[in-house]
Amino acid sequence: MAYTEKFQHLADVAMAQVGSVEAAQVNGLLAQGAIALDIRDKEEHDADHLPGSLHVSRGKLEMNIEGVVPDLNTTVLCYCNANNRGALSANTLRQMGYVNARYIAGGLKAYRALG
């Protein structure tokens, strides 16, 4: 998908400001108590998602996240299909005080590619 220059710039800045985790690290982090947060739209989540992941769409993230993940120290692994929305969401969570918010590099596609 072709993104606008301004959108891609915002996503690139977010990726530079928050850490990513590789798809191969996800299961280990989840086993240690991290939360996978699917920030895609409901129909995307309904079609496929990481097992056990929570769903809060990007459009309602700021309004609803504190009710879903009240502990600001929780490791939250934001993901979308690839990178951009996950990184933007992790950056937003960081700005809200979630000190361990990161995004899954490559998103759900990268996770599924592992087999």
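Computed from a predicted model, the values in this text were never measured in an experiment.
Ser20 OG to Met15 CE: the interatomic distance, rounded to the nearest 0.5 Å, is 9.5 Å. Taken to the nearest 0.5 Å, the SG atom of Cys78 stands 12.5 Å off from the CG atom of Asn83.
In terms of heavy-atom proximity, Cys80 sits nearest to Gly86 at SG-N, 3.3 Å. Asp38 approaches His55 most closely through the heavy-atom pair O-CD2, 3.3 Å.
Leu29 is not connected to Leu37 by any chain of hydrophobic side-chain contacts under 4.5 Å among Ile, Leu, Val, Met, Phe, Trp and Tyr, and they are in different clusters. Under a hydrophobic clustering in which Ile, Leu, Val, Met, Phe, Trp and Tyr are joined whenever their side-chain heavy atoms come within less than 4.5 Å, directly or via other members, Val13 and Phe7 fall into different clusters. Placement of Val21 and Tyr111 within a single hydrophobic cluster is found when ILVMFWY residues are connected by side-chain heavy-atom separations under 4.5 Å, directly or transitively. The same ILVMFWY cluster, assembled from side-chain heavy atoms under 4.5 Å apart, contains both Val68 and Met96. Following chains of ILVMFWY side-chain contacts shorter than 4.5 Å, one cannot reach Val76 starting from Leu30, and the two form parts of different hydrophobic clusters.
Residues passing the side chain to side chain contact (heavy atoms under 4.5 Å, CB included) test with Ala14, sequence neighbours excluded: Ala87, Leu88, Asn91. Looking at residues two or more places apart in sequence or on another chain, you find a salt bridge (charged side-chain N to carboxylate O under 4.0 Å, His left out) between Glu62 and Arg58. In terms of the ring-ring contact (aromatic ring centres under 6.0 Å, His included) criterion, residue partners of His49 (sequence neighbours excluded) are, by chain and number, His45.
Using a 4.5 Å heavy-atom cutoff, the side chains of Ile65 and Lys60 are not in contact.
A donor and an acceptor atom, one from each side chain of Tyr79 and Ser89, are nowhere located under 3.5 Å apart.
Residue Glu43 places its CD atom among more than 12 non-hydrogen atoms of other residues, nucleotides or ligands, all under 6.0 Å distant. For Gln95, the CD atom counts as densely surrounded, since its 6.0 Å shell holds more than 12 non-hydrogen atoms of other residues, nucleotides or ligands.
Judged as a salt bridge (Lys or Arg N to Asp or Glu O under 4.0 Å), the pairs with a partner in residues 81-98 (not counting sequence neighbours) are, in order, Glu44-Arg85. Judged as a salt bridge (Lys or Arg N to Asp or Glu O under 4.0 Å), not a single pair has a partner in residues 70-81 (not counting sequence neighbours).
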Which atom pairs, one a donor and one an acceptor, fall under 3.5 Å between side chains of residues 97-110 and the rest of the protein, sequence neighbours left out?
residue, atom, partner, partner atom, Å
Tyr98, OH, Val69, O, 2.5
Asn100, ND2, Asn73, O, 2.7

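With Leu93 as the fixed residue, the side chain to side chain contact (heavy atoms under 4.5 Å, CB included) test singles out one of Val18, Leu61, Thr74, Leu72: Leu61.
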Task: Stepwise side chain to side chain contact (heavy atoms under 4.5 Å, CB included) test for Arg112 and Asp48 - done: CA-CA 10 Å; Arg112 290 291 180 228; Asp48 189 21; 2.8 Å; yes
